[in-house]
Novice: 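Handing you this structure, nothing more for now.
Predicted model only: the values in this text are computed from it and were never measured. Letters go in sequence order (proteins before strands), and every chain restarts at 1.
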Amino acid sequence: MSSSPVAGPAPTGPTSGPDTGPLGQPAPDPSRGPGRRAPRIRPVSAAARPGPRRRVLRHWPQYLAISPYYLIFSVFMLFPVLYTVYLAFQKWDGIGEMQFVGLQQFRFLWDDPVFWMSIRNTLVIWVLSTVPMLFMALVLAVLVNSTKRFTAFYRVCLFIPSITSLVAIAIFFGAVFSNNFGLINAILRGLHLSAVPWMSNEWTIKLVIAALMTWQWTGYNAIIYLAGLQAIPSELYEAARMDGAGPVRIFFSITIPLLRPIILFSVVISTVTGLQSFTEPQVLFGSDASTNPNSGGPGQAGLTTLLYFYHQAFDNNDFGYGAAIVWAFFLLILLIVALNWWLVQRKERRP
Amino acid sequence: MDLSRRRFLQAAVLTAAAAGATAACGGGSASSGSKDSKNLTFWYWAGGLSDKVVADAKTHFSDITLKTSVVGGDFKTKLLTGLRAAQTAPDITGIKGEDIASFLPNANRFVDLNTVGAKKLAPDYLAWKLKQATTQDGKLIGFPIDIGPCATFYREDLFAKAGLPTDPTQVSAQLATWDDYFKAGVELHKAVPKTYLINNIGSVFSMIVGQGTRRFIDEDNKFIGDQDHIRTAWTTAVKPYSLGIDAKINDNTWNAAIGNGTLGTEIGAAWHALDISNAAPGTKGKWRVASLPGGPSNLGGSFLAIPATSGNPEEAFKIISWILSPENQARGFTDAALFPTAPAAYKLPALTGGDAFFGGQKTIEIFGPAAQKIPAAYEAPADAAVSAPYYSELTSIEAKGKDPDEAWKDAVGQAKQIAQRQGVK
């Protein structure tokens with residue numbers, strides 16, 4: 001936010017002096033940040049009000065302009081988030097009476113083997129997708145950065161997967177990796193290799209989901225890296241080349257260190273989105289049986305924590321337990337992001 | 001982002017403003033709330049009713065404006081949300097068969113249909129189906145649209161190749177028990193190696209559970225999922241897996257499998273016929289229907305209900321009973337493969353005619369008697385939730401080769417935990 005906290009009394013209105021001259025720079029003023037260009041000629045009546053509130057009111061068109069976001073945010077985001085905290089301590093089936101159960105939902109959670117399995121699944125899928133995704137994104141970004149022609153075309157290509165409907169991608173992947181009738185297994189058979197049961201083996205299920213996520217988000221991260229690469233001054237590269245550094249040395253000694261803040265950003269964002277994987281297994285395995293929907297596929301190998309939450313809340317009408325699952329999971333994401341931050345930042349502090 | 005006091009107050013003011021705004025919107029669109037409304041809203045899902053019958057209902061009840069919405073996506077979730085406010089609740093709504101039990105504890109949210117005329121009509125409809133929508137103190141919250149009497153769908157041509165009987169009556173007689181059925185499956189697989197008997201073992205399990213009079217929770221709200229009737233269903237379901245006649249299809253490749261002959265039989269409800277003919281139009285004429293091994297079972301079949309907030313419950317029930325009259329149910333069978341809940345419809349030409357997809361077979365001869373002999377089992381509100389681990393563990397056997405005994409122990413353990421969470425003793 002650009003508004004600085006108000007310290008001390010604000011000026012009471014336009015007075016004759018150097019700081020109100022139409023062309024002169026305002027004098028340093030505790031209530032105005034450096035470079036702040038507020039209108040300096042205002043009606044005297046407004047000046048009669050006390051400082052802080054007047055400052056808010058003075059900017060009412062701006063506040064009005066941004067208010068839709070805050071209105072929508074508080075109705076559709078803030079309120080539900082706070083409501084789930086309340087729900088996590090209740091037993092509720094969606095329309096009946098709520099019943100306060102204290103920490104019981106969390107005790108159930110602690111003893112629930114499926115919950116822990118879903119956490120394991122989520123972490124495995126996250127590692128399987130994030131590591132190759134960020135590595136490939138960096139390589140792609142460096143390649144695109146070094147091209148001289150068709151750069152706009154490459155950028156568009158990189159961005160297309162992340163704006164394609166996830167459901168469509170998941171259906172497509174489902175068809176490609178299908179056990180008996182999939183493209184990949186058809187190719188394997190064509191090469192006289194044995195087909196792989198992609199959609200029923202415990203590990204290949206996770207691999208397929210991870211591949212789907214990698215395919216979708218690699219280009220997105222590559223674009224972010226590309227922006228970071230272009231911010232690196234070319235003099236540094238020229239100097240390095242003059243000192244006789246090869247491309248590999250340049251990459252590791254200049255590109256990577258200067259890109260660190262961008263890498264940190266993409267790691268954090270990928271962690272948050274990667275741990276929230278839900279649609280991928282839901283579409284790939286959601287309709288496996290009307291008797292047991294959203295179970296995460298054969299052996300529940302694709303059951304991510306959010307899918308488990310959805311299953312409990314919306315298939316079993318156990319909204320209190322669902323809320324407990326997502327809050328426990330939120331704490332876990334927070335922990336992992338903090339750990340990430342610490343790992344990446346630590347290197348920077350090293351002399 | 002640091003949260004200063006001023007920003008906090010701002011946020012609070014904006015939240016309050018937002019709450020006011022939404023309240024104002026809610027007030028603006030409130031319906032009249034009178035109990036003799038001439039405008040009725042009607043929710044169902046695509047394929048849940050015959051669209052032609054619904055369109056005719058609009059003209060038939062000309063003094064009422066019937067506004068129908070075909071609600072897509074997760075119907076139950078949308079209905080739950082809709083029911084929470086009188087303004088958003090429909091006046092008539094569909095409820096899916098698998099969800100009806102979970103609505104019974106909140107029967108006060110619905111009109112007791114016995115009070116608006118269902119009692120008089122009840123003898124014309126299948127008693128066991130009405131029981132599914134009746135609370136333990138006798139309130140009826142849903143009127144049955146359709147049922148899902150189950151049968152064995154089989155490929156006549158593949159049965160002929162394997163030297164098995166091909167005539168539906170003979171098949172029904174020879175494959176009368178699950179063991180006979182599995183034995184035929186072994187022969188079939190031996191003669192046509194790429195053909196398997198069943199889709200996955202979860203489907204066998206659900207059929208056998210449906211054949212019994214008890215499920216996972218009894219009338220006293222006690223967990224009985226670890227008792228003999230479930231254990232037997234489990235052991236029987238695992239058999240085709242150990243015999244190697246299980247196709248282990250747990251993903252969306254079923255469509256392709258049904259088309260290219262990977263599946264020699266399918267066990268499923270009457271409405272499953274439509275799935276098969278949609279997935280494999282090329283196999284038209286090759287399929288037949290025989291009785292389900294081990295006796296009749298039911299899978300699915302939905303209801304129409306009137307939320308308590310309905311503007312005109314009497315008129316709403318008139319519409320429901322018109323749409324679900326035997327004649328209109330017969331049309332629903334032709335249009336949307338909805339198997340009628342009024343046995344009178346079974347004698348109407350729409351049902352007694354031969355089905356070209358099944359080589360001209362009169363499938364009502366299999367489904368009709370099955371529909372009337374389905375055992376009435378008590379289905380507890382938490383039944384679907386409690387049964388889920390059994391299906392998950394059965395797929396674990398298929399996917400990971402998990403030991404069936406170990407899978408059984410895990411399934412019971414998880415089911416008990418879910419039962420406890422859902423307030424089952």
Side-chain angles (χ1 to χ4, degrees), chain A residues 1 3 5-6 52 56 63 67 70-75 78-79 91 93-96 99 104-105 108 111-114 171 174-175 178-182 197 199-202 205 284-285 287-293 295-301 303 311-318 320-321, chain B residues 1 4 6-7 10-11 14-15 17-19 21-22 74 76-77 80-81 83-84 98 102-103 105-106 109 200 202-203 205-206 247-253 256-257 260 262 299-300 381-382 384-385 387-392 395-400 402 410 413-414 417-418 420-423:
Chain A
M1 287 297 281
S3 63
V6 179
V56 172
Y63 283 113
S67 66
Y70 287 97
L71 286 174
I72 292 168
F73 173 80
S74 37
V75 173
L78 189 66
F79 173 72
K91 178 173 165 19
D93 65 358
I95 48 172
Q99 190 192 337
Q104 202 187 46
Q105 303 287 18
F108 282 139
D111 296 330
D112 186 354
V114 184
I171 291 172
S178 160
N179 284 353
N180 298 316
F181 313 100
M199 302 300 260
S200 54
N201 178 284
E202 199 182 347
I205 284 175
L284 282 174
F285 302 107
S287 60
D288 65 339
S290 61
T291 43
N292 190 18
S295 62
Q300 294 183 296
L303 186 75
H311 179 61
Q312 291 299 340
F314 296 106
D315 293 327
N316 291 354
N317 285 4
D318 203 346
Y321 194 55
Chain B
M1 193 159 56
S4 67
R6 188 153 52 98
R7 280 184 47 75
Q10 260 172 280
L14 289 168
T15 314
T22 42
D74 190 342
K76 182 179 76 172
T77 304
L80 271 180
T81 315
L83 283 177
R84 299 194 56 213
E98 62 265 33
S102 70
F103 280 105
N106 296 299
R109 292 276 185 167
N200 57 47
S203 64
F205 183 73
S206 91
K248 304 178 201 167
I249 295 173
N250 283 303
D251 60 2
N252 51 15
T253 58
N260 71 359
T262 303
L299 194 65
S387 68
Y390 294 88
Y391 295 100
S392 297
T395 59
S396 279
I397 294 177
E398 288 174 325
K400 303 184 200 168
K402 191 168 177 176
D410 289 352
Q414 284 173 34
Q417 213 214 1
I418 296 173
Q420 193 193 0
R421 208 186 296 146
Q422 299 264 352

Novice: Evaluate the side-chain proximity of K76(B) to F314(A): yes if any heavy-atom separation is below 4.5 Å, no if none is.
Specialist: no

Novice: State, yes or no, whether a side-chain contact exists between S206(B) and Y391(B) at a heavy-atom distance under 4.5 Å.
Specialist: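 In short, these two side chains touch, coming nearer than 4.5 Å.
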
Novice: Select one option (side chain, backbone, both, neither) describing which atoms of N260(B) are under 4.5 Å from chain A's heavy atoms.
Specialist: side chain

Novice: For residues A257(B) and I249(B), report the shortest heavy-atom separation together with the two atoms involved.
Specialist: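 Heavy-atom minimum between the residues: CB-CD1, 3.4 Å.
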
Novice: Relative to chain A, which segment of S392(B) carries a heavy atom at a distance below 4.5 Å: side chain, backbone, both, or neither?
Specialist: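 When you check distances to chain A, atoms from both the backbone and side chain of S392(B) fall under 4.5 Å.
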
Novice: Measuring heavy-atom distances to chain A, does E398(B) have an atom under 4.5 Å in its side chain, in its backbone, in both, or in neither?
Specialist: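 E398(B) has no heavy atom closer than 4.5 Å to chain A.
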
Novice: Select one option (side chain, backbone, both, neither) describing which atoms of F103(B) are under 4.5 Å from chain A's heavy atoms.
Specialist: side chain

Novice: Checking heavy atoms, do the side chain of Y321(A), its backbone, both or neither come under 4.5 Å from chain B?
Specialist: side chain

Novice: Is any side-chain heavy atom of Q417(B) closer than 4.5 Å to a side-chain heavy atom of P113(A)?
Specialist: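 Contact flag for Q417(B)/P113(A) side chains = yes.
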
Novice: Which one, E202(A), Q312(A), H311(A), leads in non-hydrogen pairs under 4.5 Å with chain B?
Specialist: E202(A)

Novice: Side chain, backbone, both or neither: which part of A247(B) has an atom under 4.5 Å from a heavy atom of chain A?
Specialist: neither

Novice: By a 4.5 Å heavy-atom criterion (distance strictly below it), what part of R421(B) contacts chain A: side chain, backbone, both, or neither?
Specialist: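 The answer is both parts of R421(B).
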
Novice: Under a 3.5 Å distance rule, please check whether S74(A) uses its side chain to pair with a backbone N or O of Y70(A) as donor and acceptor.
Specialist: yes

Novice: With a 4.5 angstrom heavy-atom cut-off, could you sort out which part of Q104(A) is near chain B: side chain, backbone, both or neither?
Specialist: neither

Novice: At a heavy-atom separation under 4.5 Å, does T262(B) approach chain A through its side chain, its backbone, both, or neither?
Specialist: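 Side chain only.
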
Novice: Measure the shortest side-chain to side-chain distance between T395(B) and S295(A) over non-hydrogen atoms and say whether it is less than 4.5 angstrom.
Specialist: no

Novice: Answer yes or no: is there a side-chain heavy-atom contact under 4.5 Å between D318(A) and F108(A)?
Specialist: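 The answer is no; the side chains never approach within 4.5 Å.
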
Novice: So do P298(A) and I205(A) actually touch side chain to side chain, heavy atoms under 4.5 Å?
Specialist: yes

Novice: At a heavy-atom distance under 4.5 Å, which candidate from D112(A), D93(A), I171(A) has the highest pair count against chain B?
Specialist: D112(A)

